[in-house]
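Please read the structure below before turning to the comments.
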Amino acid sequence: MPLLIIFIIIPLIELAVILKVNSFIGLGWTLGLIILTAVVGVKLLRQQGISTLLRANQKMQQGQMPAQELAEGFLLALAGALLLTPGFVTDAVGFTLLVPATRKALVHKVIAFITPRMMTNSNFQTTDNFQSGSFKDVHSRTHDQSPHENVTIEGEYTKDDK
């Protein structure tokens with residue numbers, strides 16, 4: 001069903017809106033407006049994307065997980081795809097995602113959607129520390145592991161012949 005919406009229903013809605021706008025302002029102005037919204041959208045996207053990237057880098061340097069910035073980056077990428085898609089409806093949704101208040105409201109929904117899938121498909125353990133944004137050593141011994149259990153630690157070494 002989502003693919004039906006993405007590839008059939010949304011383009012039909014876009015086509016209907018473009019034809020309606022064309023009937024009011026003409027073909028040249030309609031095409032110019034579509035191109036203008038794409039150019040302005042990409043410029044705004046670039047500014048906000050760089051800002052989000054810098055905040056994520058700063059959090060990583062502080063040893064924190066940049067979950068909010070990663071979710072914002074996902075939403076910005078979605079906004080970029082929508083803004084580059086010809087049409088007024090997708091442009092409206094793309095510009096809405098560029099509004100910081102809208103993005104911040106959606107970030108928690110994106111994190112809530114992705115986190116359970118990430119936890120079930122990886123070695124991460126959910127703890128209060130992880131949710132607050134700090135890392136946890138997932139390879140440390142837990143209470144239910146026996147002290148005689150084999151533990152494999154991967155790493156690299158170099159032999160120094162001094």
Side-chain angles (χ1 to χ4, degrees), residues 1-3 5-7 9-11 13-14 17 31-145 149-160 162:
M1 183 65 175
L3 290 177
I5 292 171
I6 291 172
F7 292 113
I9 295 174
I10 291 176
I13 293 170
E14 286 289 6
V17 172
L31 293 176
L33 196 54
I34 289 172
I35 292 169
L36 179 68
T37 57
V39 170
V40 170
V42 167
K43 284 189 180 254
L44 289 171
L45 176 67
R46 186 176 188 190
Q47 291 172 345
Q48 292 185 18
I50 290 171
S51 171
T52 302
L53 182 63
L54 292 174
R55 281 187 286 130
N57 191 22
Q58 183 181 22
K59 275 199 171 179
M60 286 190 296
Q61 287 177 352
Q62 295 171 352
Q64 297 175 345
M65 186 164 169
Q68 181 166 346
E69 287 75 15
L70 291 174
E72 279 191 43
F74 169 76
L75 290 172
L76 286 170
L78 180 60
L82 291 171
L83 288 167
L84 291 175
T85 302
F88 295 109
V89 176
T90 53
D91 285 348
V93 175
F95 278 118
T96 303
L97 289 175
L98 288 181
V99 175
T102 306
R103 220 175 33 250
K104 289 195 188 306
L106 292 175
V107 160
H108 300 294
K109 293 181 191 268
V110 170
I111 291 173
F113 178 79
I114 292 174
T115 301
R117 286 153 184 79
M118 217 170 65
M119 296 302 161
T120 57
N121 294 329
S122 67
N123 291 334
F124 291 127
Q125 297 175 359
T126 306
T127 65
D128 292 338
N129 288 341
F130 180 74
Q131 292 171 348
S132 68
S134 60
F135 295 104
K136 179 180 190 284
D137 179 11
V138 296
H139 296 292
S140 61
R141 251 180 235 278
T142 60
H143 299 290
D144 49 323
Q145 283 182 327
E149 185 176 328
N150 289 337
V151 177
T152 303
I153 300 174
E154 293 184 27
E156 296 181 15
Y157 72 93
T158 56
K159 186 174 180 182
D160 192 9
K162 286 186 181 180

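- Between atom CD1 of residue Ile34 and atom CZ of residue Phe88 there is a gap of 4.5 Å, rounded to the nearest 0.5 Å.
- You'll find the side chain of Gln64 stays beyond 4.5 Å of the side chain of Gln58, heavy atoms only.
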Test Asn57 against Leu53 for side chain to side chain contact (heavy atoms under 4.5 Å, CB included), laying out the working first.
CA-CA 6 Å; Asn57 191 22; Leu53 182 63; 5.7 Å; no
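- Contacts of Glu69 classified as salt bridge (charged side-chain N to carboxylate O under 4.0 Å, His left out), with partners at least two apart in sequence or in another chain: Arg55, Lys59.
- For Ser51 (side chain) and Gln47 (main-chain N/O), no donor-acceptor pair under 3.5 Å exists by modelled atom type.
- Among residues at least two apart or in separate chains, side-chain hydrogen bond (donor to acceptor under 3.5 Å, both in side chains) pairs with a member in residues 87-102 are Glu14-Thr90, Thr37-Asp91.
- The CD atom of Gln68 sits 10.5 Å away from the CG atom of Leu70 when rounded to the nearest 0.5 Å.
- How far CG of Leu76 is from CG of Leu44: 10.5 Å, rounded to the nearest 0.5 Å.
- When all heavy atoms of Val110 and Ala71 are compared, the closest pair comes out as CG1-CB, 3.9 Å.
- With rounding to the nearest 0.5 Å, the separation of CG in Leu98 from CG in Leu75 is 10.5 Å.
- For Leu97 against Ala79, the heavy-atom pair with the smallest separation is CB-CB, 3.7 Å.
- To the nearest 0.5 Å, atom CG of residue Leu82 and atom CG of residue Leu78 are 4.5 Å apart.
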